[in-house]
Every structure is written in C-alpha cells, then in structure tokens.
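Heads up: the structure comes next, in structure tokens.
First the proteins, then the strands, lettered A, B, ... as listed; each starts at 1.
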Protein chains: 2
Amino acid sequence: MTIRDVAARAGVSVATVSKVINERYGVSAATLARVRAVIEELGYEASLVAQSLRNHRTNVIGILVADLEPFSTELLKGAADAIRGSGFELVVYSAGGRTGDPLGWEKRYLSRLSGTLVDGAVLVTPTVSLDVVPGTPVVAVDPHTGPSHLPTIDSDNLRGAQLATEHLLDLGHRRIAFLAGRPDLQSAELRKTGYLRALTAAGITPDEDLIRIGAYDPEVSAASAHALLTGPDRPTAVFAANDISAIATVDAARELGLAVPDDLSVVGFDNVPESALCSPPLTTVDQPIREMGHRAIRMLIALINGDEVERTHVTLDTGLVVRHSTRALP
Amino acid sequence: MTIRDVAARAGVSVATVSKVINERYGVSAATLARVRAVIEELGYEASLVAQSLRNHRTNVIGILVADLEPFSTELLKGAADAIRGSGFELVVYSAGGRTGDPLGWEKRYLSRLSGTLVDGAVLVTPTVSLDVVPGTPVVAVDPHTGPSHLPTIDSDNLRGAQLATEHLLDLGHRRIAFLAGRPDLQSAELRKTGYLRALTAAGITPDEDLIRIGAYDPEVSAASAHALLTGPDRPTAVFAANDISAIATVDAARELGLAVPDDLSVVGFDNVPESALCSPPLTTVDQPIREMGHRAIRMLIALINGDEVERTHVTLDTGLVVRHSTRALP
DNA sequence: GTGAAAGCGCTAACAC
DNA sequence: GTGTTAGCGCTTTCAC
C-alpha cells in the first residue's frame, strides 16, 4: 500500500497524489476529489519513514526515558498534555533500565533518530552526556550529573529540602534523620544540602549517625530506616529523599511498633500523586512533575521552531504539602 | 553525518561501510579496523529511518496506548521488561487521550508505521478496529469492544468479579452494592456479570438500587457512592469495578462518618500496586497487569518471527488480595 | 494542471 | 575485497 498504488488506482502520477496529501496548489478540483476518494477507499496513509527521509521536518518529538518508573510516567503525562494541539506527535523511547553502556545510550539513540525521525528530544535520563548530537534541539529534565549547558527543566530540590526540614523544626523536632538518595545524582545531593543548611540555620549541628543512604530503593531504605529507628537515642522525625524511602520508613516504624505520626514524623520528597494515598497520608515536598514535562515540551517546541526562548534553565518551585504523617512534638 | 561522510573519511565506498555496520563478510581486517575507527571517531550512527526504508525488518516494536494512565503505564513496565534482551526496541505512542476520531487512531498510526518503522504492535486502546492493517502482526491487550479475531491478552474479569463478590458473601454480607464501570467496555460488563452471578448463585436476588455507575471516574464514583450510602437500607459492602471507584467509595464513606471496614466493607478491581497504599489498604481483585504487558510482547515477538503460537487468546488469572478494607459482619 | 526525474540515507546484488 | 548501481516511498523542482 504505497503512494504508487493510489496513483495507479486514481489514474494520476505519484507527484499529483503527493500534492493532494500535502495540500499543495496546482491540482484541479476534479483530480483532488478523485484522489481523495481513492485514498479514502484504500485507507492509505503515507509512510512516516519515507516522509521523514525526504523532508527533514517530521513533527515528531522524542522523549527518552531511562526507565518507566513513577517519576517518568508522571512526567510523560505532562508531556502528552503539552503535545496536544501542538501539531507534534510524541514517541517515547525507554531504555528499559538497562545497565549496559548507561552513559552512551541517549546519545546513540539521539543520533539514530535525529534529523530523520524526530525534530527534537526531551531527555529524562539521569546521565546526560554533555556533548549531545549537534543540530538536534534537546531539553534535559532534571539532569542528574550536575550543571550542563543543555537547556534544562528541573525543580527546586534545595529549597524543597529546606522547607521539609524547617517544617519538622517548626514542629519542635530536633533529632531529625535524613534518608539520603543516590549519591551519584545531583538532585539527591541538593536535597541533602538543603537538609543540612536548614539544620545549621537552626543552630543544630548535623549528626552523622542520623544520615543514612536509602538510595531511592525500597529495600535499602527499609534497612536504613530500621537501623535509624533501633539505634541509640532514635530520631523523632525522618526526612526521606524520596517517597519510596518515606514509605519504607513508615513501614519500618510500623514493624517496630512505632506509630506515625505519634511516635515518629515522616516527610518524603519526590511525590507522585499516589503517595498521598499511603497510610497515614504522607507529608511531602511537592515536585510539579507533570508541569516539568509540560514545560520541557514547550521549551523544546520553541527551540525547534527557532523561537526566542527567554530562559533555557528553568527551575520550578517546590512546595510542602502537609498531611498526616507529621505532627508537633508534645 | 551520513554513511557517505564515513566512507569519504575512511577512503572507501559506502557499500564497504555498510558491510562493516552490518557485519557482512567480504571486508579485509585492515579496512574493517579503519572503518570502525572512523565510525568511532565521528560518533556515527546509522539512520534508523533510512535503514527502515530499505530493510523491511526494523527490530522495533510499537506499543500504542490511548492514554498514559496508571493501567497503561503499569502495562508498559511489563512490556519494557519483556523487551529486554529480545533484540527489539520498544517505542510507545500515546494518543494522549484525544477525543477526535477515537476509532481510527490506532489504525492510522499503524498504517503509517508498519512495514517501515515497526515490525509489529501492541494495542492498548479500548476500541480496537477489527480490520487492522494486514501484514502487520498485532496483539491487543484487553480489547474492550468485545471478542475480536485479533490475538489478545486479557485477564479473567468474570472470575475476578465472582471472587470479590463471593469474598463479601463469605464474610456474611447480603446487601452488596456494585459500582459499575463504563458500559461501553466489555471488561466492565464482565465484572458486572460476575457480580450478578455470584449473588444469584448464593440465592440472592440482585437489587437494582444497589447497582450504580461509577464510570471509572473519581467524581462520578463519588456521587454514586454517596447516593448508595445515604439511600434507604444502605449496603454493608460495596464492590467497585475499579480502584478509582473503590477509593472514591472509601472517601465518601469517611465523609459520611462511616468507618471502613467497620461500617462498610469495600473491594476494588483493577489495582495498580499503589492502591495497596490507600487507607485502609484496599482488598482488591488482582489483575496481573505487568504480566499482561509481558505476555503481549512475547506473543508479538513470536508472531513477528513466524514462530508457532500455541494460543492467540490468553486470559490471565485474577486473584483476590484481602487487605483491611473488608471484614466479616458481626 | 500534470508528470518525469532526482535524491533523502541506506542495503544488497552484482560487477570488477 | 571493493565499488557501482538500483531502489525502498516519498517530495519537489521543472518541463510540458
């Protein structure tokens, strides 16, 4: 089913069919109608691939995610939302969390796709190679390896962590533990910095024993939380670097017979909406994940169209949503 | 950056470069090394589009989803998992929940992609056109419009609903309400059928007043749940056709001062893992969503490879996971 | 108003 | 072993 089949059936040349498809001038009304009818009848659709090869504009935006976990799927929803009505299509490529050549994956994919299949890409891969394919507009979301010269969307991890810690301080907590994220991710480090700064600003000397690695992993977090809660002079509050760790902390507390928030206050970061459902509903630092996806697409489209982009590094606000997992110390 | 640049720089013809890329015979060790070095140096990657146009095999599988909601993203994870190590890549196309031409979307996309960009596709769109593009292997997941002759993966909605209802009956409940899904979806109808059968088998005549539409929508469900719980002779248990409706029911109960499960038992269907987090943790009919994604990909790969496929309609088991939202009547 | 022909980047016959 | 060439499905000059 190619353009030639349509041309043959309509008794015209392929060039004419192409003109009809692309709504070009220079086709008589009669021919137009006939060709349209044949297209309809045959259910013909132009091959995206052949079109891409010819035109260098494809009206397709790629979004590359390292894996389909809650963060990226949430982001995808915002992106899908922004793409609607933009005239672009969205295709998602997932590396499937593969470990082989973690560094080069996004670059390889980008080279294979750019200039042909996609007009630009959003990168949601923790490790963003600094030297991406030239000539292809790219926007990175929360690029974890530190400041890059790529256009970037992220959220205010530092301030979010400070808000969370200050909230616990305001509730009277003084022994506040931190369940850290992955040390290789810049956003995780910023959360730690925010925690430390808030403590220091309150005149509290951070206690190394109250800082453990959760690594954004349920099992690692569970073990660390357990250690934290069974150690000497246990904390009265825990700030977890993401919601997975926070939920693991709540579970660990429950297992130890500690009630949340009566015996232990817990705050999480990185919440996808579902974390509001946990029991008790989690106080969280609210990252506007969908909005990040939305903004990334909008910025990318501007870049593709050559529009003026006011700022290429956008940091979205984070806020604290207080729910029932925290309470004032008696 | 094309194959010609590589050829020129290496001082060979494009054919030779192509042979190197595709590991064909007939290239001397010296040339091989030289070309490889140039490829490395230039960071060249063959254009997926041009390759697709030429070869009719692309090693790419498309997965078309109507929207990126929890069900489809969960399914995507299973699919991503199955794709790993299969030699195929996965690309996801989302219709973004668009309403325009809901029927033809998957067909249009498929025509544009098949034979060129993807070797086959998994359809996760409620409405599956019966006459999909011939020549392209396709597997439908939970096709909602009724039995189709397409290869299909679904889960046992009928039995799941029976299990849920029987569980409530076993707990001593007699006035069991049903919060139905969307009447246009076959799976929703099967859930209703299962509910009715279980009641009838227990010698209970279904009460029309206890059946309301939740439409898988939080607001519609909330309103229906409210009506159900404030009506005369209110039910002691509610079976909701999906987890969104179930959570809405729990919330509605809470607002009315009814405790779950003390005053009202609630069971949900369609759970994504997060629904276990709600408060109290929801008793649910467990659909193996990830496994559905996994099986769909595996079946599709077999189809693409022309392998023998034992069954083209696979219905996966559903089970009941009892959590704290249900209890025996006193 | 319409069609012939070139060429997008690549691969596979087939010469040399 | 290596290069020349045709052509995948499409769009776009440019003759007619």
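With rounding to whole Å, B:Leu32 atom CG is found 14 Å from D:dT2 atom C1'. Between the CD1 atom of B:Ile21 and the C1' atom of C:dG9 there is a distance of 10 Å, given to the nearest Å. Here C:dA4 presents its P atom at 12 Å from CZ of A:Arg4, a figure rounded to the nearest Å. When rounded to the nearest whole Å, the span between CG of B:Leu53 and C1' of C:dA12 equals 14 Å. Between the CZ atom of A:Arg24 and the P atom of C:dT2 there is a distance of 16 Å, given to the nearest Å. Distance, B:Met1 CE to C:dC8 C1': 16 Å, rounded to whole Å. Regarding A:Arg57, its CZ atom lies at a distance of 18 Å from the C1' atom of D:dC10, rounded to whole Å. Taking atom NZ of residue B:Lys19 and atom P of nucleotide C:dC10, one finds them 16 Å apart after rounding to whole Å.
Of the candidate nucleotides D:dC8, D:dT4, C:dG9, D:dC8 has the atom nearest to the side chain of B:His56. For A:Val12, whose side chain is taken as the heavy atoms from C-beta onward, the closest listed nucleotide among D:dC8, D:dG9, C:dG3 is C:dG3.
At the heavy-atom level, A:Ser18 lies under 4.0 Å from base atoms of the strands shown. If you check every strand for non-hydrogen atoms under 4.0 Å, A:Ser47 touches sugar and phosphate atoms only. Counting non-hydrogen atoms under 4.0 angstrom, A:Val49 reaches nothing in the nucleic acid. Residue B:Tyr44 is classed as a sugar-phosphate contact, given heavy-atom separations below 4.0 Å to backbone atoms only.
Side-chain atoms of B:Thr315 never come within 3.5 Å of backbone atoms of B:Asp154 as a donor-acceptor pair (strictly under, hydrogens ignored). Counting only distance, with no hydrogens or angles, the side chain of B:Asp119 and the backbone of B:Arg57 share no donor-acceptor pair below 3.5 Å.
Looking at which nucleotide of DNA chain D each of B:Val27 and A:Arg54 is closest to, the 5′-most match is held by B:Val27.
The stretch residues 287-313 of chain B participates, sequence neighbours left out, in these salt bridge (charged side-chain N to carboxylate O under 4.0 Å, His left out) pairs: B:Glu74-B:Arg290, B:Glu291-B:Arg295.
Listed here is the closest heavy atom pair of B:Val92 and B:Val65: CG1-CG2, 4.4 Å. Considering every non-hydrogen atom in both B:Val49 and A:Ser52, the closest pair reads CG1-CB, 4.1 Å.
Each end of the helix from C:dG1-D:dC16 to C:dC16-D:dG1 gets its own rotation axis from five pairs of C1' atoms, and the angle between them is 50° to the nearest 10 degrees.
Distances shorter than 4.0 Å separate some side-chain N or O of B:Thr16 from OP1 or OP2 on D:dG3. An OP1 or OP2 oxygen of D:dC10 is reached within less than 4.0 angstrom by no side-chain nitrogen or oxygen of A:Ser52. The side chain of B:Ser28 places an N or O atom within less than 4.0 Å of a non-bridging phosphate oxygen (OP1 or OP2) of D:dT2. For the OP1/OP2 pair of D:dG9 and a distance below 4.0 Å, the side-chain nitrogens and oxygens of A:Gln51 include no atom meeting the criterion. OP1 or OP2 of C:dG3 has at least one side-chain nitrogen or oxygen of A:Ser13 nearer than 4.0 Å.
Across A:Arg36, A:Arg9, A:Arg34, a single residue satisfies salt bridge (Lys or Arg N to Asp or Glu O under 4.0 Å) together with A:Glu41, and that is A:Arg9.
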A:Ser18 vs A:Ile3, side-chain contact (heavy atoms from CB on, under 4.5 Å): CA-CA, chis, key distance, verdict | CA-CA 8 Å; A:Ser18 175; A:Ile3 197 173; 4.0 Å; yes
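B:Tyr109 and A:Glu89 are linked by a side-chain donor-acceptor pair at a separation below 3.5 angstrom, with hydrogens and angles left out of the test.
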